[in-house]
Amino acid sequence: MAAGGSLSAFRLPPLPTIREIIKLFRLHAAKQLSQNFLLDLRLTDKIVRKAGTLTNAYVYEVGPGPGGITRSILNAGVAELLVVEKDSRFLPGLQMLSDAAPGKLRIVHGDVLTFKIERAFPESLKRHWEDDPPNVHIIGNLPFSVSTPLIIKWLENVSRRDGPFAYGRTQMTLTFQKEVAERLTATTGSKQRSRLSIMAQYLCSVQHALTIPGRAFVPKPEVDVGVVRFTPLTQPRIEQPFQLVEKVVQNVFQFRRKYCHRGLGMLFPEAQRVESTGKLLQLADVDPTLRPSQLSVSHFKSLCDVYRKMCDEDPHLFAYNFREELKQNKSKNQEKEDEESYRLQLPP
Ligand code: SAM
């Protein structure tokens with residue numbers, strides 16, 4: 001078959017519906033694995049359209065299950081679709097799809113948390129980071145308990161330009177619990193602004209593309225679902241190591257209702273806390289009485305840049321963890337208390 005036009009004209013032949021596939025292979029959803037399926041192909045088409053043009057694209061679908069989204073991706077004229085599914089019960093149904101789309105669907109029985117997509121597609125797809133994104137896309141509707149840790153892992157990969165981003169600025173279209181989708185895309189000052197908003201937005205352009213009501217899934221989950229599209233930025237908005245940004249952001253948001261100086265203070269050992277926090281805020285030119293949700297990505301950029309300089313000047317600073325100090329102080333206090341009560345028990 002010639003490349004180009006004829007590929008994009010591909011349509012799957014008539015097949016049993018997803019509902020019939022579920023019956024045929026007895027694919028009842030495993031509730032403990034948070035399996036909620038999309039059976040309506042108009043809806044899966046809509047999700048797939050949110051990923052952009054997929055003509056001749058190489059697509060990595062995570063958690064295909066009974067294959068609703070998989071069918072829509074195949075009908076979008078892709079060059080190749082690679083799916084990774086953990087639950088072996090879905091493999092025969094996916095094999096049926098593969099037979100209906102010869103040479104297009106590769107099925108891997110594996111775990112998306114460990115699968116190495118960077119080795120799976122042709123090297124020739126690789127683009128320079130500054131170029132347009134490669135024709136490689138990630139699409140998926142995973143259980144929420146997997147999609148959130150996975151996006152943190154992938155954001156770290158974006159920062160290092162490895163993993164799925166060894167191809168360049170690979171785009172991702174993924175589902176999350178609606179509240180998580182709102183956090184990922186929340187703007188400065190909004191109620192949903194959180195750690196995830198900064199971590200996603202300093203590395204990617206992030207768009208809440210679609211909300212799907214819970215009732216569209218079988219069985220119906222407790223919550224609605226948000227489809228989020230990520231495109232890595234050519235230039236990250238904070239140019240510091242991922243772990244450093246994560247540490248600053250995590251410290252700030254741990255006291256989300258307090259002024260930001262409260263959380264930032266926890267970056268420093270108690271003995272120098274007041275002085276160092278003052279210095280950090282002053283050099284970064286950030287108002288200490290802003291609340292965490294009011295800090296923009298550029299505020300975080302200044303804070304991370306200054307904190308980095310302070311870490312370079314004091315090699316022990318980055319390793320400092322106030323929770324450790326707290327634990328040590330607690331055990332010291334406990335020792336003192338134990339000694340005290342022992343002395344009280346001694347005969348006069
Ligand atoms: N994408 C399908 C749909 O929209 O109908 C299925 C959705 S269901 C919420 C999630 C799917 O991801 C299930 O098929 C489940 O077995 C699979 N899954 C869960 N954890 C996984 C993992 N770590 N690696 C690969 N697949 C996983």
Side-chain angles (χ1 to χ4, degrees), residues 38 44-65 67-86 94 104-108 110-123 125-127 129 131-177 180-181 184-185 196 199-201 203-210 212 225-233:
L38 282 166
T44 55
D45 281 348
K46 202 166 167 185
I47 295 174
V48 169
R49 276 199 300 274
K50 293 295 176 192
T53 313
L54 296 182
T55 316
N56 297 339
Y58 285 72
V59 180
Y60 172 33
E61 189 197 352
V62 286
I69 295 178
T70 317
R71 291 185 188 205
S72 296
I73 298 172
L74 288 170
N75 279 332
V78 298
E80 185 178 315
L81 168 59
L82 188 152
V83 297
V84 174
E85 172 58 59
K86 195 175 174 179
L94 291 168
K104 281 185 182 289
L105 177 58
R106 234 195 309 165
I107 305 162
V108 174
D111 189 326
V112 297
L113 291 167
T114 50
F115 183 73
K116 297 217 177 313
I117 187 66
E118 59 272 35
R119 300 202 192 135
F121 290 145
E123 284 274 309
L125 291 170
K126 290 190 174 170
R127 294 282 170 272
W129 194 260
D131 290 348
D132 284 343
N135 207 359
V136 177
H137 294 254
I138 300 176
I139 301 178
N141 170 37
L142 280 168
F144 304 134
S145 57
V146 180
S147 56
T148 308
L150 191 60
I151 192 61
I152 307 246
K153 177 173 182 272
W154 278 343
L155 287 170
E156 185 166 2
N157 288 136
V158 172
S159 78
R160 290 199 308 252
R161 304 181 183 182
D162 64 9
F165 310 94
Y167 297 103
R169 296 185 296 120
T170 301
Q171 299 173 76
M172 305 182 273
T173 307
L174 301 166
T175 59
F176 296 90
Q177 182 177 336
V180 175
L184 283 161
T185 52
L196 270 183
M199 297 311 289
Q201 293 170 30
L203 289 163
C204 294
S205 125
V206 194
Q207 183 202 356
H208 187 158
L210 186 67
I212 310 173
V225 172
V227 179
V228 182
R229 182 170 172 185
F230 302 80
T231 309
L233 297 167

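Nothing fancy with the numbering, it's 1 onward along the sequence. Being a predicted model, the structure only gives us computed values, none of them experimental.
- From R229, atom CZ reaches atom OG1 of T173 across 5.5 Å, with rounding to the nearest 0.5 Å.
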- Message: The test is side-chain contact (heavy atoms from CB on, under 4.5 Å); show your working for L174 and S147 and say whether it passes.
- Response: CA-CA 8 Å; L174 301 166; S147 56; 5.9 Å; no
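- Checking side-chain atoms of Q201 against main-chain N and O of L184 turns up a donor-acceptor pair under 3.5 Å.
- Taking CH2 from W154 and OG1 from T170, the interatomic distance works out to 10.0 Å, rounded to the nearest 0.5 Å.
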- Task: Starting from the C-alpha separation in whole Å, work towards a yes-or-no answer on side-chain contact (heavy atoms from CB on, under 4.5 Å) for V180 and T148.
- Result: CA-CA 8 Å; V180 175; T148 308; 4.1 Å; yes
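- With rounding to the nearest 0.5 Å, the separation of CD in E85 from CG in D111 is 10.0 Å.
- The aromatic rings of F121 and Y167 sit tilted relative to each other, their planes meeting at an angle between 30° and 60°.
- A salt bridge does not link K153 to E156: none of the charged nitrogens lies less than 4.0 Å from a carboxylate oxygen.
- Rounding to the nearest 0.5 Å gives a distance of 5.0 Å between CG of L54 and NE2 of H137.
- Taking each heavy atom of P232 and V158 in turn, the nearest pair found is CB-CG1, 3.8 Å.
- Note that CD1 of I139 and CD of E61 are 7.5 Å apart. Values are rounded to the nearest 0.5 Å.
- Ring pair F115/Y60: centre-to-centre distance below 6.0 Å.
- In terms of modelled atom types and a separation under 3.5 Å, the side chain of T44 and the main chain of I69 share no donor-acceptor contact.
- Results of the side-chain contact (heavy atoms from CB on, under 4.5 Å) test with L113 over V84, L142, L150 single out L150 as the only residue that passes.
- Using a 4.0 Å cut-off between charged side-chain N and carboxylate O, K104 and E80 make no salt bridge.
- One N or O on the side chain of R169 and one on the backbone of W129 form a donor-acceptor pair closer than 3.5 Å.
- Heavy atoms only, all atoms of each residue included: P64 and V83 are closest at CG-CB, 3.6 Å.
- Put simply, NZ on K50 and CD on Q171 are 14.0 Å apart, with the number rounded to the nearest 0.5 Å.
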